[in-house]
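Notes follow the structure.
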Amino acid sequence: MTTSTEIQNTDYIKKDTILKMNPKKFALWLFIVSIIMIFASLTSAYIVKKSEAEWLIIEIPFLFFYSTLIVVISSVSVQIAYFYLLKKKKNKTIVFLCTTIFLGMFFICMQWLGWIQLVSYNIYFVGNPAGSFIYVLSGLHGMHLIGGIIFLIIVLFLILQKEKYFQDALWMQLCVTFWHFLTFLWVYLYFFLILNN
């Protein structure tokens with residue numbers, strides 16, 4: 001039979017575990033939640049604005065489809081890099097981390113080309129709100145992804161310079177979490193734009 005003392009001790013352990021959450025992880029999740037709130041408000045505004053008469057039906061650039069595939073592949077790549085990091089295989093970790101960085105840069109280039117494609121359709125940032133939203137949503141995500149690329153590069157330098165980095169892979173773990181989030185976010189935005197065009 002469980003006594004009241006044992007229940008109190010269990011509650012204390014749970015509270016103690018929560019309070020011991022790594023502050024860097026907490027900060028990352030707080031940042032992720034703030035990003036979610038920003039994009040939730042933007043997509044909500046998109047739906048509200050769409051009901052207005054001047055809304056223009058815009059063909060989503062086909063290059064966005066390819067950039068979506070690229071960012072999904074990059075998410076797989078960064079997960080493999082993390083797997084090799086845990087296995088303490090430095091060279092393979094570096095290879096897949098560099099692959100992810102390259103794919104991230106390729107994604108940004110594809111998004112830029114997608115914008116050029118929009119311009120070829122005579123869709124500009126200033127003009128119909130339908131076009132403005134596409135630029136804002138993809139551009140804001142792109143800015144966060146550039147931040148993710150910088151994060152990856154910092155982690156890469158840490159791995160290259162610190163011999164004992166494998167003993168504390170916290171920064172890599174944070175980086176992988178953030179990158180997966182950015183991938184999920186873009187997939188959501190892409191299908192949102194397709195379904196709500």
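All values derive from a computational prediction rather than experimental measurement. All heavy atoms count here, side chains included; hydrogens, waters and symmetry mates do not. Quick note: residue numbers are just sequence positions, from 1.
Using a 30° and 60° split on the angle between ring planes, Y66 and F62 fall in the perpendicular class, above 60°. In this structure, F107 and H141 have perpendicular ring planes: the angle between them is above 60°, well past the 30° mark. Between W55 and F133, the ring-plane angle classifies as tilted under the 30° and 60° cut-offs. Using a 30° and 60° split on the angle between ring planes, Y135 and F125 fall in the perpendicular class, above 60°.
The minimum heavy-atom distance between C98 and L156, with the atom names listed, is SG-CD2, 3.9 Å. Of all the heavy atoms in G114 and P61, the pair that sits closest is O-CG, 3.5 Å. Of all heavy-atom pairs between L174 and L28, the closest is O-CD2, 3.4 Å. Across I70 and M110, no two heavy atoms sit closer than the pair CD1-CG, 3.6 Å. For the pair A130 and L56, the tightest heavy-atom approach, listed with the atom from each and the gap, is CB-O, 3.1 Å. Across every non-hydrogen atom of T100 and S77, the tightest pair is OG1-OG, 2.8 Å.
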Quiz item: Yes or no on side-chain contact (heavy atoms from CB on, under 4.5 Å) for W186 and F64, after CA distance, side-chain angles and deciding distance?
Solution: CA-CA 10 Å; W186 174 251; F64 280 8; 4.0 Å; yes
Self-check item: Residue pair Y46, L193: steps toward the side-chain contact (heavy atoms from CB on, under 4.5 Å) verdict
Solution: CA-CA 9 Å; Y46 181 102; L193 289 171; 3.9 Å; yes
Quiz item: Would V71 and L182 count as a side-chain contact (heavy atoms from CB on, under 4.5 Å) if you check the C-alpha gap in whole Å, the side-chain angles of each, and the deciding distance to 0.1 Å?
Solution: CA-CA 9 Å; V71 79; L182 291 175; 5.9 Å; no
Practice problem: Report the C-alpha separation of Y188 and T43 in whole Å, then their side-chain angles, then the decisive distance to 0.1 Å, and conclude whether the side-chain contact (heavy atoms from CB on, under 4.5 Å) test is met. | Solution: CA-CA 10 Å; Y188 161 73; T43 50; 3.4 Å; yes
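Counting only heavy atoms from C-beta outward, the side chains of F151 and W179 never approach each other to under 4.5 Å. The shortest distance between side-chain heavy atoms of I35 and F181 falls below 4.5 Å. Residues I123 and Q117 are not in side-chain contact: their nearest non-hydrogen atoms beyond the backbone lie 4.5 Å or more apart. Residues F65 and Y190 are in side-chain contact: their nearest non-hydrogen atoms beyond the backbone lie under 4.5 Å apart. Inter-residue side-chain proximity for K25 and L170 is flagged as met; some heavy-atom pair is nearer than 4.5 Å. Contact check for W29 versus T177: side-chain heavy atoms found under the 4.5 Å cut-off. L97 is not listed as a side-chain neighbour of Y82, based on a closest heavy-atom distance of 4.5 Å or more. Under the 4.5 Å side-chain criterion, counting only non-hydrogen atoms from C-beta, V187 is in contact with T68.
A continuous path of hydrophobic side-chain contacts links L189 to I36 [ILVMFWY only; heavy atoms under 4.5 Å]. Under a hydrophobic clustering in which Ile, Leu, Val, Met, Phe, Trp and Tyr are joined whenever their side-chain heavy atoms come within less than 4.5 Å, directly or via other members, L195 and I58 fall into different clusters. If you chain together hydrophobic residues whose side chains sit under 4.5 Å apart, I150 and F157 fall into the same group. In the hydrophobic clustering of ILVMFWY residues, with side-chain heavy atoms under 4.5 Å counting as a link, I47 and L137 come out together. With hydrophobic clusters built from ILVMFWY side chains whose heavy atoms lie under 4.5 angstrom apart, V119 shares a cluster with I57.
There is no side-chain donor-acceptor pair under 3.5 Å between S138 and Q111.
Between L103 atom CG and L69 atom CG the span is 11.5 Å, to the nearest 0.5 Å. Put simply, CD1 on I154 and CE on M172 are 13.5 Å apart, with the number rounded to the nearest 0.5 Å. Taking CG of L85 as the reference point, atom CD1 of I80 lies at 13.5 Å (rounded to 0.5 Å). Rounding to the nearest 0.5 Å gives a distance of 8.5 Å between CG of L140 and CG of L185. Once rounded to the nearest 0.5 Å, the distance linking CD1 of I153 with CG of L158 reads 12.5 Å. Between the NZ atom of K89 and the OH atom of Y84 there is a distance of 6.0 Å, given to the nearest 0.5 Å.
At distances below 3.5 Å, at least one donor-acceptor pair connects side-chain atoms of S34 with backbone N or O atoms of F31.
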